[in-house]
Amino acid sequence: YPTWKRTLARRARESQMKRFCRAQTIQRRLEEIEVTFRELEQQGIKLEKLLRDENESPADQQTQWTNQLLYLVQKKNNLMSEESDLMIAVQELKLEEQQCQLDEKLRSYMNKEDTLKTPEDEKAEQEILKQLVEVVNKRNILIQLQEEKRLSEL
């Protein structure tokens, strides 16, 4: 088994583990965001009730509650933006995994001697290459989407 094949296999396993760890981190953060959403929602409901029911409260107290409510809305918007970024990252991870699998398949066909390739092998190789180009284009679209989002936030 040539050294370069072992090296490629090891690198593929390492990148797969990195993607797996990254996916776990993203999943954990999405769960944290969901819990925080629920907490913010509860706090918002309490503040809204206070604002509606306590018309006799001092004006500065109502102003304070209004400011707290606005802060909660801002925090929720920030979390929604982060959640959106994480969902894009999940899509990117899926596409990255798909690209690695296609690379591996394509490499196996390309390593085969041309004289030993059947017409089916050549057709399969072309199909894999076509799929690989599609995946790369989808990843490019995601990157453009992230860049547009980043620029709009500035």
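Note: hydrogens, waters and symmetry copies are ignored here, and every other heavy atom, side chains too, is used.
Across all their heavy atoms, Ala89 and Ile26 have their closest contact at CB-CD1, 3.7 Å. Residues Leu79 and Thr36 share a closest heavy-atom pair of CD1-CG2, 3.4 Å. Between Tyr109 and Lys117, the closest heavy-atom pair is O-CE, 3.0 Å. When every heavy atom of Leu95 is checked against every heavy atom of Val135, the shortest pair comes out as O-CG1, 3.4 Å. Nearest approach of Glu92 to Leu142, heavy atoms of both residues: N-CD1, 3.6 Å.
The salt bridge (Lys or Arg N to Asp or Glu O under 4.0 Å) check on Arg19 picks up Glu96, Glu97, with sequence neighbours excluded.
Without hydrogens or angle criteria, Asn111 side chain to Arg107 main chain gives a donor-acceptor distance under 3.5 Å.
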*Check the pair Leu151, Glu147 against side chain to side chain contact (heavy atoms under 4.5 Å, CB included), reporting the backbone distance first and the verdict last.*
CA-CA 6 Å; Leu151 289 175; Glu147 185 63 19; 3.9 Å; yes
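To the nearest 0.5 Å, atom CG of residue Leu145 and atom CG of residue Asn140 are 11.5 Å apart. Put simply, CD on Gln131 and CD on Gln99 are 12.5 Å apart, with the number rounded to the nearest 0.5 Å. Interatomic distance, Leu72 CG to Ile45 CD1, rounded to the nearest 0.5 Å: 11.0 Å. A distance of 10.5 Å separates CG in Leu51 from CD in Gln64, rounded to the nearest 0.5 Å.
Residue pairs meeting the side chain to side chain donor-acceptor pair (under 3.5 Å) criterion with at least one member in residues 73-89, sequence neighbours excluded, are Arg29-Glu82, Glu41-Lys76, Ser81-Lys149, Ser81-Glu153, Asp85-Lys149.
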